[in-house]
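To find a chain, count down the sequence lines: A is the first, B the second, and so on, and within it residues start at 1.
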Amino acid sequence: MGESKLDHDKMDIQQFREDLLNWFVREQRDLPWRKDNQPYKVWVSEIMLQQTRVDTVIPYFERFMEEFPDMEAFAAADDESVLKIWEGLGYYSRVRNLHSAVKEVVEHYDGKVPDTREEISKLKGVGPYTAGAILSIAYGKPEPAVDGNVMRVLSRILLIEEDIAKPSTRKVFEAAVRTLIDPANPSYFNQALMELGALICTPTSPACLLCPVREHCKGYANGKEQVLPVKTRKKSVKHLSLLSAVLKTADNLYLIRKRPNEGLLANLWEFPTVEVATSKQYSTQRQVLSRYLEKEYETNIQLETGTFTHVDHIFSHLTWSMDVFAGEISKTLNHQDEVRLVTQEELETLAFPVPHQKIWKAYKEIYAMNK
DNA sequence: CATGCGTGGGT
DNA sequence: TACCCAAGCAT
């Protein structure tokens, strides 16, 4: 008597919270964005961490906070600096949206990050996960922050077999978190679930024997920890062949152009590049590229006979196979927004996608112009 | 709801 | 090699 199912679950939930949070207090990693809970820092770190590993983010976060220590500093930054500090981190629309949203907060929220889901969700780039993360970590609010870690961890603990690849499934886990979350410390609860997913309850071969909440785990109890979460995989990637050129004038200026302001690698700079149907012989490639460049830039261009490098790059949804020529431009051209002739030093202040960084690195090594 | 959007690491 | 994965969001 008095041992209703609800009472039993309540007891279990309290023990679960205690075991989880004790583990987190003991084992959490020392990360630069955990030094304090300033909303701005939490916000920046959460945007950087979207689909991105902790080890990758750390140096970016340090540089970011050094250059833009507060929202006012970041709001005042120019677009090129904003893109440059994100160079190599990927998903570049994140920083464009963050810049826009921080300016919005500085100008229309009196410099204070909103503390309700309703208001914070209006900011560009702040979706359901990021809203919950900021609200719980910076403001201590009992809001779910459901990311891939949380879905994996809770699918095992609660033995939830819904397909986590489906967008609608997130709601199931948000409901679960609302039941489980520790009202006394929502910040640690949410972070602990994610930390557990990163350190113990990993995608492959979870370390169940080291798990602080193994006794609460239905997946483990049923021998299903290896088959959870259920996740359907997606489509194959498309392969593209590209020809690219590093073009230099007689007075050592390089031709670069800005990519379109939306879509893949939006607003980043690149060496002139053209897509071709298939990879062909160098002589044919050289002809195709030469014709393209002369038509595009209406200037005389002399390409070297063979390519100086080949770059393969794998994106999440497509691959580039790039053959790259070096060449000379015989005439200068008018400066435009999208096309520029720049010195080596100027070039290196601008943001390039990784494959073009590889091209530039190979070019400098081959033409012995390091330093 | 499905798709596009980066990059680097792991097996 | 060829996947799969990582603190998602906008459209």
Can you measure [X] atom [atom1] to [N] atom [atom2] for me and round it to whole angstrom units?
| X | N | atom1 | atom2 | value |
| --- | --- | --- | --- | --- |
| A:Leu49 | B:dG6 | CG | C1' | 15 Å |
| A:Met151 | C:dC5 | CE | C1' | 13 Å |
| A:His99 | C:dA10 | NE2 | P | 17 Å |
| A:Ile47 | B:dC5 | CD1 | C1' | 14 Å |
| A:Glu262 | B:dC5 | CD | C1' | 12 Å |
| A:Asp312 | B:dG6 | CG | C1' | 16 Å |
| A:Leu318 | B:dC5 | CG | C1' | 9 Å |
| A:Lys238 | C:dA2 | NZ | P | 19 Å |

Short N-O contact, [X] and [Y], less than 4.0 angstrom:
| X | Y | value |
| --- | --- | --- |
| A:Arg178 | A:Glu143 | yes |
| A:Lys41 | A:Asp36 | yes |
| A:Lys224 | A:Glu161 | yes |
| A:Lys364 | A:Glu348 | yes |

Along DNA chain B (nearest heavy atom to each residue), the more 5'-positioned of A:Gln50 and A:Pro167 |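 In this pair, the answer is A:Pro167.
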
Can you list, by residue number, the residues of residues 112-148 of chain A that have a non-hydrogen atom closer than 4.0 angstrom to DNA chain C?
->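 Within this stretch, A:Lys124, A:Gly125, A:Val126, A:Gly127, A:Pro128, A:Tyr129, A:Thr130, A:Asp147, A:Gly148 sit under 4.0 Å of the strand.
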
Non-neighbouring partners of A:Phe315 that pass ring-ring contact (aromatic ring centres under 6.0 Å, His included), sequence neighbours left out |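 Once residues adjacent in sequence are excluded, the partners of A:Phe315 under the ring-ring contact (aromatic ring centres under 6.0 Å, His included) criterion are A:His313, A:Trp320.
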
ring-ring contact (aromatic ring centres under 6.0 Å, His included) partners of A:Phe173, counting only residues at least two apart |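 A:Phe173: no ring-ring contact (aromatic ring centres under 6.0 Å, His included) contacts found.
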
At 4.0 Å (heavy atoms only), tell me whether [X] reaches a base, stays on the sugar-phosphate, or touches nothing.
| X | value |
| --- | --- |
| A:Arg29 | base |
| A:Gly197 | nothing |
| A:Ser168 | sugar-phosphate |
| A:Arg152 | sugar-phosphate |

Throw together a table of side-chain donor-acceptor distances under 3.5 angstrom for residues 119-126 of chain A, partners on residues two or more places apart or in other chains.
from     : atom 1 : to       : atom 2 : distance (Å)
A:Glu119 : OE1    : A:Tyr109 : OH     : 2.8
A:Glu119 : OE2    : A:Lys122 : NZ     : 2.8
A:Ser121 : OG     : A:Arg117 : O      : 2.6

How far does CD of A:Glu294 sit from OG1 of A:Thr299, to the nearest 0.5 angstrom?
->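 Going from the CD atom of A:Glu294 to the OG1 atom of A:Thr299 covers 8.0 Å.
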
Does anything in residues 59-67 of chain A reach DNA chain B, meaning a heavy atom under 4.0 Å, and if so which residues?
->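 Hits under 4.0 Å, by residue number: none.
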
Using the P atoms only, state how far B:dT3 lies from C:dC4, rounded to an integer number of Å.
->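 Taking atom P in both C:dC4 and B:dT3, they lie 16 Å apart.
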
What distance, rounded to whole Å, do you find between the two P atoms, one in C:dT11 and one in B:dG6?
->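 These two P atoms come out 14 Å apart once rounded.
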
Strictly by modelled atom types, are A:Gln50 and A:Thr130 linked by a side-chain donor-acceptor pair under 3.5 Å?
->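 Yes - a donor-acceptor pair under 3.5 Å links their side chains.
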
Look at the aromatic rings of A:Phe74 and A:Tyr40 and report parallel, tilted or perpendicular, splitting at 30° and 60°.
->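 Judged by the thresholds at 30° and 60°, the geometry between A:Phe74 and A:Tyr40 is tilted.
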
What protein N or O atoms touch nucleotides 7-10 of chain B N or O atoms at under 3.5 angstrom, if any, and at what distances?
from  : atom 1 : to       : atom 2 : distance (Å)
B:dT7 : OP1    : A:Tyr92  : OH     : 2.6
B:dT7 : OP1    : A:Val354 : N      : 3.2
B:dT7 : OP2    : A:His313 : NE2    : 3.1
B:dG8 : N2     : A:Arg53  : NH1    : 2.2

Regarding A:Arg63 and the six-membered ring of A:Tyr60, is the cationic atom NZ or CZ under 6.0 Å from the ring centre and inside 45° of its axis?
->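 Geometry flag: set, cation within 6.0 Å and 45°.
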
Among the clusters formed by ILVMFWY side chains lying less than 4.5 Å apart, do A:Phe64 and A:Leu89 turn up in the same one?
->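 Linked within one cluster.
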
